[in-house]
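Working notes, structure below.
Excluded from the calculations below are hydrogen atoms, water molecules and symmetry mates; all remaining heavy atoms, backbone and side chain alike, are included.
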Amino acid sequence: GAVVSQHPSWVICKSGTSVKIECRSLDFQATTMFWYRQFPKQSLMLMATSNEGSKATYEQGVEKDKFLINHASLTLSTLTVTSAHPEDSSFYICSARDLNATAGISYEQYFGPGTRLTVT
Amino acid sequence: QKEVEQDPGPLSVPEGAIVSLNCTYSNSAFQYFMWYRQYSRKGPELLMYTYSSGNKEDGRFTAQVDKSSKYISLFIRDSQPSDSATYLCAMNTGFQKLVFGTGTRLSGQS
């Protein structure tokens, strides 16, 4: 099946620093990738939709200058948390939509294993 | 009111039992309904998807959608300890954005 990887799986950083999280589709091309965050015992909240070669679309309430998203190729999207603060500590999960997926059928999203960010 | 409501549990189920997980929703435009399984500290894994109303069966799993009641269910037969996970319902109108429920934590008993 389609595999999505994330790196790193866990990162601890100090308040005020920036952290970059990578999301890769390993065996398929993804024109669209999604970034979610998940707090403990809560659901996934979509942060932004990333399309290859264009600017990401952010959900309401998500600061685009704080969460920088780059989707430079069909297999890689990155999320950079700039000037991280303890309240940014969360589980960040990406998903990727197969380039060959049936148009409009969004169940064909494959999720990565997630990245746990802890800001001290 | 949230678009998708799901009882967070936890739900404790003896081995071999039938598990019933449910979600209700408010947006009548939702057409695609999915169930994901998420193990602790892992990404969600797609279990089942259903388009519009009806039932779908895959092995021990059965998904049901009742659009008239805005209610979806996932049944797991012959529950196993390995089924212990959080089960998330998700749905959308057919465009790309998925709306998730909060997830139900299932604890299987051996």
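Looking only at distances, a side-chain donor or acceptor of B/Thr102 sits under 3.5 Å from a matching main-chain atom of B/Gln6. The backbone N or O of B/Thr24 sits nowhere less than 3.5 Å from a side-chain atom of B/Lys70 that would complete a donor-acceptor pair.
A/Gln38 touches chain B through its side chain: at least one heavy atom from C-beta onward sits under 4.5 Å away, while N, CA, C and O do not. Interface remark: B/Pro44 contributes backbone and side-chain atoms alike to the contact with chain A (heavy atom separation under 4.5 Å). Proximity to chain A (any heavy atom under 4.5 Å) is restricted, for B/Gln38, to the side chain, taken from C-beta onward. Both the backbone and the side chain of A/Leu44 have a heavy atom closer than 4.5 Å to some heavy atom of chain B.
Note on ring orientation: taking the six-membered ring where Trp is involved, the planes of B/Phe30 and B/Phe33 are perpendicular (angle over 60°, cut-offs 30° and 60°). Between B/Phe100 and A/Phe111, the two ring planes are perpendicular [angle over 60°; tilted spans 30° to 60°].
Here B/Arg41 is the residue among B/Arg41, B/Arg105, B/Glu45 with the most heavy-atom pairs under 4.5 Å with chain A. Taking A/Met45, A/Gln6, A/Arg116 one by one and counting their heavy-atom pairs under 4.5 Å with chain B, the maximum is reached by A/Arg116. Ranked by non-hydrogen atom pairs under 4.5 Å with chain B, the options A/Gly114, A/Ser43, A/Gly112, A/Cys94 are led by A/Ser43.
Contact check on A/Glu22 versus A/Arg24 returns a salt bridge, with a Lys/Arg side-chain nitrogen under 4.0 Å from an Asp/Glu carboxylate oxygen. Between B/Arg77 and B/Glu57, at least one side-chain nitrogen of the basic residue sits less than 4.0 Å from a carboxylate oxygen of the acidic one, meeting the salt-bridge criterion.
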